[in-house]
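Only one structure is covered here, and it is reproduced in the block below.
When a residue number appears, it is its place in the shown sequence, counting from 1. Predicted, not measured: the structure shown is a model, and the values here were computed from it.
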Amino acid sequence: MKLGDAIDHYVAWRQAHGAKFTTTRNLLRQFMHHVGPETDCDEISRAQVLAFLIGQGRGTRHRDNKAYALAGFWRFAISRDYASSSPLPVRERRPPLLAPPHIYCRTQLQRLFDPRNIEIALVGAKQLDLNTFRTLLLLLYGAGLRFSEATGLLRDDVDLKASVLTIRDTKFHKSRLVPAGLPLATMLANHLSQPPGQRFAPDGAAYLLSNRDGTRLASSTVQTAFDRLRRTADVQGSAGGRSAPRMHDLRHSFAVHRLTDWYREGADVQRLLPVLSTYLGHSDLEGTKIYLTMTPGLLNQASMRFARFVHGGENARA
């Protein structure tokens with residue numbers, strides 16, 4: 001089968017199963033343009049694949065993403081008899097082992113949220129202001145939102161009276177309600193009380209978080225600011241983990257800290273896992289269970305709980 005047709009079938013299959021699949025689809029289309037859409041799947045050489053993977057550099061996260069996309073595509077193509085074999089090098093045929101998320105400690109979070117550090121990181125920024133950037137970071141951590149969910153929020157999606165956020169059209173094409181705790185609700189109320197200025201986009205959308213001209217925040221603009229903030233706040237990765245912690249790791253940190261607190265409180269964590277899964281907008285429980293093995297602190301709390309259970313402690317309910 002022609003590569004272009006096979007990729008179209010693969011993307012349609014993944015999206016039919018509920019995934020937006022935007023990033024991987026775009027990577028596969030880049031590969032299609034690199035090789036040619038009319039090229040037969042079995043005519044693609046290893047050299048062509050390696051040239052695409054290497055791109056502008058070696059060993060980058062972008063290369064890992066491309067390898068992951070191609071590995072998934074070829075497993076699909078072979079299973080459907082669109083191809084007889086994979087041209088990927090053997091080491092690239094399985095999803096790469098990515099570095100685990102960075103779980104921010106409390107002191108790192110304090111430094112990231114410190115207005116003085118944020119102000120330094122935004123020196124020279126033309127569109128992003130301190131209040132908006134800080135509110136975004138607090139939303140990513142305080143509500144465990146994905147970047148696209150936080151930047152897609154409209155002012156009407158925030159119900160201050162009920163302290164609830166309405167997250168629309170999420171990663172899996174679903175909407176959900178996210179309760180906000182008192183500190184987060186207070187922060188959102190303060191943000192919404194600020195003079196709007198020109199905070200309305202040309203299409204009339206009133207984003208909760210926006211550039212100074214009212215347009216939606218761009219990931220490139222915010223990422224540049226976050227990289228500067230991370231350096232200003234002296235937030236480094238941990239041994240064996242990511243050397244450069246990400247904004248998305250704020251969401252992972254929220255989940256791990258929530259689980260750790262539940263263990264400390266003696267809560268029934270197994271019963272509460274589905275609650276956390278729904279709150280985070282995961283498609284199934286497997287996406288949430290991974291947090292149970294993510295940090296030494298969480299493992300320590302689980303071990304203490306197990307020890308209490310073994311010795312008949314009163315809080316041994318998990």
Side-chain angles (χ1 to χ4, degrees), residues 19-20 22-23 61 65 98-113 118 132-153 157-158 164-181 183-185 187-188 191 208-209 216-223 225-227 229-230 233 235-238 241-262 269 272-295 297-298:
K20 282 189 175 180
T22 305
T23 301
R61 173 66 191 271
N65 289 340
L98 302 179
H102 176 80
I103 305 304
Y104 295 99
C105 67
R106 307 289 180 174
T107 55
Q108 288 179 329
L109 291 172
Q110 289 173 354
R111 295 201 299 270
L112 286 175
F113 299 152
I118 294 176
T132 298
F133 188 30
R134 187 169 188 270
T135 301
L136 170 64
L137 297 177
L138 289 169
L139 263 178
L140 296 178
Y141 175 71
L145 300 185
R146 301 177 178 97
F147 179 84
S148 61
E149 294 173 347
T151 57
L153 280 170
D157 293 332
V158 182
V164 170
L165 307 175
T166 300
I167 311 298
R168 306 181 190 278
D169 192 23
T170 66
K171 182 177 180 180
F172 298 99
H173 300 285
K174 297 179 180 179
S175 296
R176 70 183 190 279
L177 300 177
V178 174
L184 182 59
M187 178 272 297
L188 289 172
H191 176 74
L208 171 67
L209 305 168
R216 183 170 177 171
L217 297 178
S219 60
S220 57
T221 301
V222 179
Q223 185 61 57
F226 184 77
D227 289 342
L229 172 61
R230 186 172 45 75
V235 173
Q236 307 294 329
S238 55
R242 296 181 179 277
S243 58
R246 306 165 302 169
M247 266 192 301
H248 191 65
D249 292 333
L250 290 168
R251 170 176 161 90
H252 293 305
S253 300
F254 161 81
V256 170
H257 291 168
R258 181 66 270 171
L259 285 167
T260 304
D261 288 344
W262 278 339
V269 176
L272 290 171
L273 269 178
V275 177
L276 181 61
S277 182
T278 300
Y279 188 93
L280 291 169
H282 286 160
S283 60
D284 54 53
L285 197 55
E286 293 304 313
T288 311
K289 282 184 176 179
I290 190 173
Y291 293 120
L292 290 174
T293 59
M294 196 153 285
T295 67
L298 185 54

Of all heavy-atom pairs between [X] and [Y], which one has the smallest distance, and what is that distance?
| X | Y | answer |
| --- | --- | --- |
| A150 | L209 | O-CD1, 3.9 Å |
| Y104 | M247 | OH-N, 4.4 Å |
| R176 | T278 | CD-O, 3.5 Å |
| L138 | L184 | O-CD1, 3.9 Å |
| H191 | L208 | NE2-O, 2.8 Å |

Kindly say whether A255 contributes a backbone atom to a donor-acceptor pair with the side chain of Y279 at under 3.5 angstrom?
no
Could you check whether any side-chain heavy atom of [X] comes within less than 4.5 Å of a side-chain heavy atom of [Y], counting everything from C-beta outward?
| X | Y | value |
| --- | --- | --- |
| R146 | I167 | no |
| L153 | L139 | yes |
| R230 | P245 | yes |
| L280 | R251 | yes |
| V235 | L229 | no |
| F254 | L276 | yes |
| H257 | L109 | yes |
| T23 | N65 | no |

Would you compute the distance between atom SG of C105 and atom CZ of R111 and round it to the nearest 0.5 angstrom?
6.5 Å
Measure the CZ-CG distance between R168 and L177 for me, rounded to the nearest 0.5 Å.
9.0 Å
Among Q108, R246, H252, which residue satisfies the side-chain hydrogen bond (donor to acceptor under 3.5 Å, both in side chains) criterion with H102?
Q108
